[in-house]
Amino acid sequence: MKKIFITLGFVLIALSMGAQNSISYSAEFVVGVGVGKGPLATLTPQFIAQYDFGGCLRVGGGIGIRYAMPCNQYLSKNKTHDRNFSNEIDIPLFFRFGYDMGNFYANIDAGYAIGVLAFDGLGSVPGGLKESSYDGVFVEPQIGWRFGERRALAIGLLWQQSNLDNHIRTESGIMGTPSYSFSESVKNEDLLTPAITLRYTIDF
């Protein structure tokens, strides 16, 4: 999968050299907030090159560097929930499919995030470097609005492959009495977790 997106980068460079008038470039600054088992926050500057096929359709790709605080432990106790987070840096590589309707537009990004560095974060027992839990495939649909000649704002929903430990503890009865009992389980999950994103775009 990683090789596919590295190859994409070389293809985009080749296209941009051969079709300068049809290629557009932009820089984006993206912030995100997770919901459910999603991250506490994400922060991503990224660069995008797109080929304009005429009409409304654009296709291209991009690369960024993302700082994220993904959930690495999801704690459930008698239907109440808590989350522990780590700190991670990864490199997202992605295809972009865009459709323009005047100032209004829609994009879908689909790609792979390569985990570079991960270390303990809020709620975690200090332990130094660790394996990335917020890397792998992702998809992010967005809708946006252009204002001025080179500026735009968009809102999106990022679904990023994540690896986390789901702790489930169930208690019944009154603690300290014979009626008290509990059960506890830990399940490692590999799933797509959601984050709401907001991006500011500058076109070159």
Side-chain angles (χ1 to χ4, degrees), residues 1-71 89-114 134-162 191-204:
M1 182 66 73
K2 295 179 184 179
K3 292 180 180 179
I4 293 174
F5 289 98
I6 292 172
T7 303
L8 166 65
F10 288 108
V11 171
L12 290 172
I13 292 171
L15 283 174
S16 65
M17 292 176 66
Q20 291 290 340
N21 293 334
S22 299
I23 292 284
S24 62
Y25 303 94
S26 59
E28 295 181 345
F29 185 77
V30 189
V31 294
V33 177
V35 294
K37 296 178 181 179
L40 180 63
T42 66
L43 180 63
T44 314
Q46 56 190 30
F47 175 81
I48 298 95
Q50 298 178 91
Y51 184 86
D52 186 353
F53 284 91
C56 301
L57 183 64
R58 294 174 287 103
V59 176
I63 184 172
I65 182 165
R66 180 169 63 196
Y67 167 72
M69 300 179 68
C71 174
I89 296 174
D90 59 68
I91 298 175
L93 299 165
F94 56 92
F95 295 98
R96 171 166 291 181
F97 304 91
Y99 190 82
D100 290 329
M101 292 166 281
N103 288 334
F104 176 79
Y105 66 93
N107 294 326
I108 296 179
D109 294 346
Y112 193 98
I114 303 171
Y134 199 57
D135 61 353
V137 298
F138 68 89
V139 62
E140 184 180 4
Q142 312 141 35
I143 56 173
W145 183 263
R146 290 190 174 86
F147 56 94
E149 294 184 0
R150 299 179 179 274
R151 303 290 187 269
L153 282 174
I155 188 169
L157 183 60
L158 171 65
W159 293 92
Q160 170 68 59
Q161 183 179 1
S162 302
L191 69 168
L192 294 175
T193 57
I196 299 169
T197 59
L198 179 66
R199 73 190 58 233
Y200 177 69
T201 300
I202 302 174
D203 296 324
F204 300 139

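Taking the side chain to side chain donor-acceptor pair (under 3.5 Å) definition, one finds that Thr197 meets it with Glu140, sequence neighbours left out. Taking Thr42 as the reference, nothing meets the side chain to side chain donor-acceptor pair (under 3.5 Å) condition, with sequence neighbours excluded. In this structure, Phe204 has no ring pair (Phe, Tyr, Trp, His ring centres under 6.0 Å) partners at least two apart in sequence or on a different chain. In terms of the side-chain contact (heavy atoms from CB on, under 4.5 Å) criterion, Val33 has no residue partners (sequence neighbours excluded). A search for side chain to side chain donor-acceptor pair (under 3.5 Å) contacts involving Glu28 returns Gln46, Arg96, Arg199, Thr201, not counting sequence neighbours. Every residue was checked against the side chain to side chain donor-acceptor pair (under 3.5 Å) condition with Tyr99, not counting sequence neighbours, and none meets it. Checked against side-chain contact (heavy atoms from CB on, under 4.5 Å), Leu43 has the following partners two or more places apart in sequence or in another chain: Phe29, Val31.
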Please determine whether side chain to side chain contact (heavy atoms under 4.5 Å, CB included) holds for the pair Asn103 and Trp145, giving the CA-CA distance in whole Å, both sets of side-chain angles, and the decisive distance to 0.1 Å. CA-CA 6 Å; Asn103 288 334; Trp145 183 263; 3.7 Å; yes
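Among pairs with a residue in residues 40-65, those fulfilling salt bridge (Lys or Arg N to Asp or Glu O under 4.0 Å) read Arg58-Asp100, at least two apart in sequence or across chains. Under the salt bridge (Lys or Arg N to Asp or Glu O under 4.0 Å) criterion, no residue pair touches residues 148-161, with sequence neighbours excluded. For the salt bridge (Lys or Arg N to Asp or Glu O under 4.0 Å) condition, the pairs that include at least one residue of residues 31-50, sequence neighbours left out, are Lys37-Glu189.
Of the inter-residue distances, the one linking Ile48 atom CD1 with Phe94 atom CZ reads 4.5 Å to the nearest 0.5 angstrom. Rounded to the nearest 0.5 angstrom, Ile202 CD1 and Ser26 OG are separated by 9.5 Å. Taken to the nearest 0.5 Å, the CZ atom of Phe95 stands 15.0 Å off from the CG atom of Asn107. To the nearest 0.5 Å, the span separating CD1 on Ile114 from CD1 on Ile65 amounts to 11.5 Å.
Residue Ile143 places its CD1 atom among 12 or fewer non-hydrogen atoms of other residues, nucleotides or ligands, all under 6.0 Å distant. Heavy atoms of other residues, nucleotides or ligands lying less than 6.0 angstrom from CG of Leu191 number more than 12. Counting non-hydrogen atoms of other residues, nucleotides and ligands closer than 6.0 Å to CD1 of Ile108 gives a total of 12 or fewer.
Here the shortest heavy-atom pairing between Thr193 and Tyr134 reads OG1-CE1, 3.8 Å. Heavy atoms only, all atoms of each residue included: Gly64 and Ile91 are closest at O-CG2, 3.4 Å. Taking each heavy atom of Pro39 and Pro194 in turn, the nearest pair found is CD-O, 3.7 Å.
Using a 30° and 60° split on the angle between ring planes, Phe47 and Tyr25 fall in the parallel class, below 30°.
Leu40 is not listed as a side-chain neighbour of Cys71, based on a closest heavy-atom distance of 4.5 Å or more.
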Table please: side-chain donor-acceptor pairs of residues 152-160 below 3.5 Å, with sequence neighbours left out.
{"residue": "Gln160", "atom": "OE1", "partner": "Arg66", "partner atom": "NH2", "Å": "2.7"}
{"residue": "Gln160", "atom": "NE2", "partner": "Gly136", "partner atom": "O", "Å": "3.2"}
{"residue": "Gln160", "atom": "NE2", "partner": "Val137", "partner atom": "O", "Å": "3.3"}

